[in-house]
Amino acid sequence: MRIQELVVDCQDPSRLAAFWGALLDAPWTLVHDGWAVLDTDGVRLAFQRVPEGKQSHKNRLHLDVEAQDVRWALARARALGAVPTGHRELDARGDGYVVLRDPEGNELCLVVDQAGGWGAAQRSALAAAPVPARVWHVMPAAALEALLARVDVDAHDERPARAGASDPGETIPVCDADDLLAVAERVAAGERSATGATTALVAVEIDAGLATRRREQGTAERAGATTGRWRCAGPLDPAWIVGVRPLAEA
């Protein structure tokens, strides 16, 4: 999964899109009366009409807008309709941020980082972050559909969706990407032998960081170094699924 766009609830989509488009020097369009969108450096920002106005004093999500000089950036933003909140943190060089509100009261920050300290600190922290690990599980497409059918996606429940109780001793085979096609051939052969027919298979990409939590508790084991396959605690948990591909595309 990936972020498709950031959506801002508002009462006048075209007004806000025009403001943000001018502020960010980005193209925008009114898709229909209730939805406007602009594209800024590959990130889409959308504005959706809702009947109510802003309900809380402070947003839980806001945009940081990078600027080269806080003086002209602030002057431009104000001329376009932004309103300063009075909150700012700027050092002697002018690096820091100033908090504003857009024409409908949504907070944004004008951020200046000429010295590069803030950006360097974030890049360094991200470089040290662990790279997400992925493993693969090959299964019949019908079995995956049955698994997902047991998760009520429409339930108004804040608890995480789960597919049901499991046998504590149950495990599922997984493999690395390099072994995926070979494993898929073995699974397909096994299905043909068991059913006498060709079975549609899918390759399920699994977040190993979540699945290996079970292994740390001693419930997953390496099974055959020569095959590149492991077994992790089962059954397959929907929370582990990063993506699904038809076998022909895997």
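Keep in mind the model is a prediction, meaning the values are calculated, not measured.
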Asker: Is the backbone N or O of Pro173 less than 3.5 Å from a side-chain atom of His137, with the two atoms forming a donor-acceptor pair by type?
Answerer: yes
Asker: Look up atom CG in Leu38 and atom CG in Asp25, then write down how far apart they are to the nearest 0.5 Å.
Answerer: 11.0 Å
Asker: So, the side chain of Asp207 versus the backbone of Val242: is there a donor-acceptor pair under 3.5 Å, distance only?
Answerer: no
Asker: Could you state whether Val43 and Trp28 fall into the same hydrophobic cluster, counting links through intermediate Ile, Leu, Val, Met, Phe, Trp or Tyr residues with side-chain heavy atoms under 4.5 angstrom apart?
Answerer: no
Asker: So for atom CZ, which belongs to Arg78, do other residues, nucleotides or ligands contribute more than 12 heavy atoms lying within a distance under 6.0 Å?
Answerer: no
Asker: How far apart are the closest heavy atoms of Leu90 and Arg88, and which atoms are they?
Answerer: CD1-NH1, 3.9 Å
Asker: Between Leu148 and Met139, is there shared hydrophobic-cluster membership here, with clusters defined by ILVMFWY side-chain heavy atoms closer than 4.5 Å?
Answerer: yes
Asker: Is any side-chain heavy atom of Ile206 closer than 4.5 Å to one of Leu236?
Answerer: yes
Asker: Under 3.5 Å, is there a donor-acceptor pair between the side chain of Asp113 and the main chain of Gly119?
Answerer: yes
Asker: Would you say Leu45 ends up clustered with Val111 if hydrophobic residues are merged whenever their side chains have heavy atoms under 4.5 Å apart, either directly or through other cluster members?
Answerer: no
Asker: In Å and rounded to the nearest 0.5 Å, what is the CG to CD distance from Leu180 to Glu185?
Answerer: 10.0 Å
Asker: Please identify each residue that fulfils side-chain hydrogen bond (donor to acceptor under 3.5 Å, both in side chains) with Asp102, with sequence neighbours left out.
Answerer: Trp20, Asn106
Asker: Do you reckon Tyr97 sits in the same ILVMFWY cluster as Val70, going by side-chain contacts under 4.5 Å, direct or chained?
Answerer: no
Asker: Check the surroundings of atom CH2 in Trp35: do more than 12 heavy atoms from other residues, nucleotides or ligands lie under 6.0 Å from it?
Answerer: yes
Asker: Can you check whether Asp69 reaches Val112 side chain to side chain, under 4.5 Å on heavy atoms?
Answerer: no
Asker: First locate atom CH2 of Trp72, then atom CG of Leu110, and finally report the distance between them rounded to the nearest 0.5 Å.
Answerer: 9.0 Å
Asker: State yes or no: do Leu23 and Leu74 share one hydrophobic cluster built from I, L, V, M, F, W and Y residues joined by side-chain heavy-atom distances below 4.5 Å, directly or via other members?
Answerer: yes
Asker: Less than 4.5 Å apart, side chain to side chain, heavy atoms only: is that true for Ser14 and Asp12?
Answerer: yes
Asker: State, to 0.1 Å, how close Val202 and Pro246 come at their nearest heavy-atom pair, and which atoms those are.
Answerer: CG1-CA, 4.4 Å
Asker: Under 3.5 Å, is there a donor-acceptor pair between the side chain of Arg44 and the main chain of Val37?
Answerer: no
Asker: Between Pro84 and Leu100, what is the shortest heavy-atom contact and its length?
Answerer: CA-CD2, 3.5 Å
Asker: For residues Cys109 and Val99, report the shortest heavy-atom separation together with the two atoms involved.
Answerer: SG-CG2, 3.8 Å
Asker: Are the side chains of Trp240 and Ile172 in contact, using a 4.5 Å heavy-atom criterion?
Answerer: yes
Asker: Do Val183 and Arg186 make a side-chain contact, defined as non-hydrogen atoms from C-beta onward lying under 4.5 Å apart?
Answerer: yes
Asker: If you count the non-hydrogen atoms of other residues, nucleotides and ligands that lie under 6.0 Å from CD in Gln68, is the total more than 12?
Answerer: no
Asker: For His62 and Glu107, work out which heavy atoms get closest and say how close.
Answerer: CB-O, 3.3 Å
Asker: Could you tell me if the side chain of Val7 sits less than 4.5 Å from the side chain of Glu5, heavy atoms only?
Answerer: yes
Asker: For Asp91, does the CG atom have more than 12 heavy-atom neighbours from other residues, nucleotides or ligands under 6.0 Å away?
Answerer: yes
Asker: State, to 0.1 Å, how close Arg101 and Leu108 come at their nearest heavy-atom pair, and which atoms those are.
Answerer: C-CD2, 4.0 Å
Asker: Counting only heavy atoms not in Gln48, do more than 12 fall under 6.0 Å of its CD?
Answerer: yes
Asker: State, with a plain yes or no, whether a side-chain heavy atom of Leu247 is found less than 4.5 Å away from one of Val187.
Answerer: no
